[in-house]
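Heads up, the thing below is written out as structure tokens.
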Amino acid sequence: MEKTYNPKNFEDRLYREWEENGCFKAVRDDDKVPFTVMMPPPNITGKLHMGHAMDETMQDTVVRFKRMQGYCALWLPGTDHASIATEVKIVEQMKKDGLTKEAVGRDGFLKRAWEWKDAYSGKIVTQLKKLGSSCDWSRLTFTMDEKCSKAVREVFFNLYNKKLIYRGSRIINWCPCCKTALSDAEVEYAEENGNFWHIKYFVDNSDIALEVATTRPETMFGDTAVAVNPKDKRYKHLIGKNVILPVVNKPIPVVGDGHADMEFGTGVVKITPAHDPNDFEVGLRHNLPVVRVMNDDGTMNALTGKYDGMDRYECRKKLVEELKELGNLVSVEPHAHNVGHCYRCGSTVEPIVSKQWFVKMEGLARPAINAVLDKKITFVPERFAKTYYNWMENVKDWCISRQLWWGHRIPVWYCADCGAEICSKNDVSACPHCGSENISQDEDVLDTWFSSALWPFSTLGYPDDTSDLEYFYPTDVLVTGYDIIFFWVARMIFSGLEHMRKVPFRDVLFHGLVRDEKGRKMSKSLGNGVDPLEVIDKYGADSLRFSLLQGVAPGNDTRYSDTKVESCRNFMNKIWNASRFVIMNCEGRKVKPVSEVKLLPADKWIIAKLQAAIRDVTLAMNKFELGVACQIMYDFMWSDFCDWYIELVKPLLYSDDEAKRDGAVSVLVYVLENALKLLHPVIPFVTDEIYRSLPNTDGTIMTKEFPRYNAKLAYKKDALAFEGIMDIVKAVRAVKTELDCPPAKKVSLYIVTENKRYISSNEDSILKLAGAKDIKFICSAEEAGANTVTKVLAIGTLYIPMGELVDFEKEKARLKSELEKVTAEIARADGKLNNTGFISKAPKKLVEEERAKLNKYIEMREKILAQLKTL
RNA sequence: GGGGGCAUAGCUCAGUUGGUUAGAGCGUUUGCUUGACAUGCAAAAGGUCGCAGAUUCGAGUUCUGCUGUUCCCACCA
């Protein structure tokens with residue numbers, strides 16, 4: 001083995017081997033319990049970012065853990081066609097070649113899109129492999145694969161026939177840049193500084209004017225009424241009269257409607273049903289005409305007269321000027337308000353009336369809410385359930401049609417002759433009503449998230465009754481970011497319940513955003529994104545994986561930092577070198593099962609620590625507390641195993657006693673092997689590479705059983721006793737440092753104790769680790785002679801002759817400060833034990849422990865006092 | 001307007017049924033080439049756990065209010 005950890009030597013090789021040996025393949029096995037995870041399919045538009053790296057690492061860790069525990073673990077990978085995002089990119093790409101969608105046509109465009117898909121989805125797969133993802137690549141699914149299309153059509157067909165999908169003219173969010181409708185979830189709001197334009201609308205045949213205030217004057221052409229509050233005494237009498245729409249000079253009615261807020265602005269609202277969701281509702285209530293005045297590209301239409309064809313903002317400017325000239329403009333006041341933007345291209349969206357397809361959410365939402373309420377699905381951490389309820393309870397119908405070409409085309413055909421509308425699972429070539437072949441399919445495609453919503457079952461063969469679907473569905477855990485609760489998680493839940501009659505997954509494990517070192521969101525515009533591939537190249541995949549999990553709490557945002565990855569790389573190096581040491585010492589030795597080894601106190605101690613680690617890691621993993629699990633492993637491996645145990649066995653390894661050497665090596669191998677198995681789900685590469693070099697192992701670690709807690713090996717009392725030995729070592733080291741004594745200088749140890757035999761049996765360890773030359777058991781302090789430093793420990797009192805290094809004043813001060821500490825502890829324990837409430841109400845075990853502690857401290861205090869007297 | 005998160009060592013963060021003297025990494029100080037590792041070892045300094053109450057024998061942990069900060073949702077034309 002090389003002297004330092006060098007992941008480049010083995011990561012790619014191991015991954016190839018795992019793959020070639022079919023280690024990731026999940027085949028139905030009725031003797032095993034299934035464990036299923038569906039990978040949130042990355043978009044084919046981009047490359048892997050840190051968010052993906054965290055998401056995939058968490059999934060891989062959970063899946064590898066379960067696989068080792070004996071589950072039939074399926075992790076199914078995929079990629080998403082990302083309808084709008086991809087289409088935007090392809091349009092950009094074509095623009096460079098001087099081409100437009102219209103120029104290449106639908107077929108030409110789709111050809112380009114598929115080429116894009118072929119080029120990019122492969123890249124993402126390569127990147128996922130670099131991370132070590134143990135997914136079943138034979139099942140790699142693309143959201144526009146044949147099987148997904150089949151599922152999409154089935155679901156659409158069923159919902160259509162249940163009247164849960166309908167087509168209608170409603171207010172939707174329109175992106176004038178992407179030229180498509182968007183769902184509510186696809187609009188992002190940001191506060192912008194705009195203006196409030198106050199405009200006079202004169203009452204017909206009168207000098208009286210109503211003053212309306214608007215932030216979007218250009219929509220005025222679509223005004224079909226002016227509303228006042230029916231309770232508003234100022235305007236009540238005008239209800240039913242007409243006002244003249246300026247510029248257009250058209251009379252429109254004054255209506256009374258509660259929508260007009262008496263307190264806000266002038267209390268008069270212009271009503272533009274075609275361009276505002278609230279106005280649309282008012283329009284419905286008062287039977288107002290809906291007049292659209294804007295084109296799909298954000299320019300004004302013919303109804304705006306001279307503004308026809310002008311951009312919406314240009315029109316705004318010119319119109320305001322005209323109003324000013326006409327004397328209708330009363331005032332302009334600055335006004336900050338929230339403006340909606342397209343989540344893909346950032347353009348300001350226009351609320352526009354448009355004929356679109358919708359999913360009726362009433363009826364779908366309730367069961368989806370109940371599934372979480374009834375704990376059929378558990379959110380981790382729980383708090384995200386609130387976000388989910390809140391959204392689900394207020395959800396509006398889902399606009400699913402997009403005026404795009406890249407995506408699942410809506411499976412509805414229209415007959416040009418008889419006007420029939422035909423929804424079908426299969427392509428239709430003739431009208432079933434009139435037989436006409438003059439029919440055409442709906443031009444629009446479906447929202448990307450419509451197919452994503454079916455992901456947990458479309459990937460397993462739905463709508464067919466496949467064996468996989470029966471075995472692997474419902475899936476077990478969905479791992480994803482909290483930012484797509486609405487887009488995806490919620491929609492998978494109601495879709496699973498509606499179409500499969502079962503929840504799509506039992507747990508949802510949320511993670512937060514990976515931010516940059518300063519806590520900012522990683523983004524292209526800031527240029528602060530860190531490429532996981534570069535990090536892997538520099539530090540190795542295991543280092544990155546560990547750094548993304550260690551000490552991270554579920555659902556919390558984290559900061560990426562090079563220094564953290566570096567410290568994790570150091571941990572890998574530590575594991576590497578400790579293993580190298582163990583393997584080196586195995587040469588020519590008999591490595592026996594630990595059950596055949598006569599265990600020494602230190603052995604029992606490390607085995608006890610190992611068992612505790614196994615127990616705690618398993619508990620943490622089962623609760624998805626991956627950050628905690630990593631911390632436990634880190635501490636066990638580094639502090640317990642490397643810093644203490646390896647140092648403890650060195651004297652044995654260098655002794656001439658063959659049996660002792662064999663025993664030491666056997667325990668080393670046993671502990672290391674188990675530790676590697678514990679660590680494997682998180683850091684698969686380095687653990688497997690080492691595992692293959694261990695004696696008595698064969699094949700890969702990834703198919704071995706995950707360690708099980710064994711109560712017989714817990715050795716609680718032995719472990720506690722051994723801590724006493726460690727206390728002696730720590731005390732000597734501290735004294736040396738304090739007195740500026742070189743660590744290499746050997747000292748003698750005088751000990752007053754009732755544990756002579758136990759200390760003697762660990763003498764070698766103490767001498768080696770403390771840097772001592774001998775241990776002498778004495779009965780009183782005097783025997784230790786003058787110039788000693790005293791350490792009062794639980795296992796006994798330690799006297800260390802330090803010769804001229806001893807400064808009596810300092811020693812006195814040191815003992816006094818120790819006395820203070822012990823006295824404080826006595827006061828604390830005493831206080832507790834004198835509290836009748838504590839005695840009567842606290843668990844007995846706790847009271848006893850406290851009492852034992854008190855006794856221990858009292859004893860220590862007496863010893864310290866005695867020592868102070870002699871000084 | 002509604003709902004969350006966060007506030008713990010100089011910095012970044014853990015701390016999940018309330019119970020040892022509140023932890024880690026990085027940084028800082030001191031000393032070490034101790035035959036796996038200087039990507040290392042040892043020792044140490046550093047915290048009234050945002051503030052004020054409440055519940056409890058016992059609160060970093062539960063509840064209420066407040067302050068600061070941040071995110072999400074809704075949205076007034």
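- Regarding contacts with the backbone of B/A77, a side-chain N or O of A/His335 is found under 4.0 angstrom from either OP1 or OP2.
- Residue A/Val665 forms a side chain to side chain contact (heavy atoms under 4.5 Å, CB included) with just one option from A/Leu652, A/Ile583, A/Leu653, A/Val582, and that option is A/Leu653.
- Each of A/Tyr389, A/Tyr482, A/Phe384, A/Phe510 was scored for a ring-ring contact (aromatic ring centres under 6.0 Å, His included) with A/Phe379, with one residue passing: A/Phe510.
- Contact annotation: the side chain of A/Asp184 never approaches that of A/Trp398 to less than 4.5 Å [non-hydrogen atoms, C-beta and beyond].
- Residues A/Ile690 and A/Met1 have side chains in contact (heavy-atom distance under 4.5 Å, counting atoms from C-beta outward).
- Looking at A/Glu647, its side chain comes within 3.5 Å of the base of B/A36 through a donor and an acceptor atom.
- Across all strands shown, B/C37 forms no Watson-Crick or G-U wobble pair with both distances under 3.5 Å.
- For the pair A/Asn390 and B/G4, the criterion of a side-chain N or O lying under 4.0 Å from OP1 or OP2 is not met.
- Note on A/Lys650: a side-chain N or O is less than 4.0 Å away from OP1 or OP2 of B/A36.
- A 4.5 Å side-chain heavy-atom check between A/Asp542 and A/Phe546 finds every atom pair outside the cut-off.
- In this structure, A/Glu566 places its CD atom 9 Å from P of B/G27, rounding to the nearest Å.
- Pairing for B/U55 is absent, with no Watson-Crick or G-U wobble pair whose two atom distances lie under 3.5 Å.
- Nucleotide B/U28 is matched to B/A44 when pairs are restricted to Watson-Crick or G-U wobble geometry with both distances under 3.5 angstrom.
- In this structure, the CG atom of A/Leu672 is 15 Å from the P atom of B/A36, given to the nearest Å.
- Each of A/Phe384 and A/Asn577 has a nearest nucleotide on RNA chain B; the 5'-most of these lies closest to A/Phe384.
- Pairing of B/C66, defined by two Watson-Crick or G-U wobble distances under 3.5 Å, is identified with B/G50.
- Taking for each of A/His337 and A/Arg569 the nucleotide of RNA chain B with the nearest heavy atom, the 5'-most of the two is the partner of A/Arg569.
- Rounded to whole Å, the P atom of B/U20 lies 29 Å from the corresponding atom of B/C41.
- Rounded to whole Å, atom C1' of B/C76 lies 13 Å from atom CG of A/Asn229.
- At a cut-off of 3.5 angstrom, the base of B/U20 holds no donor-acceptor pair with the side chain of A/Glu849.
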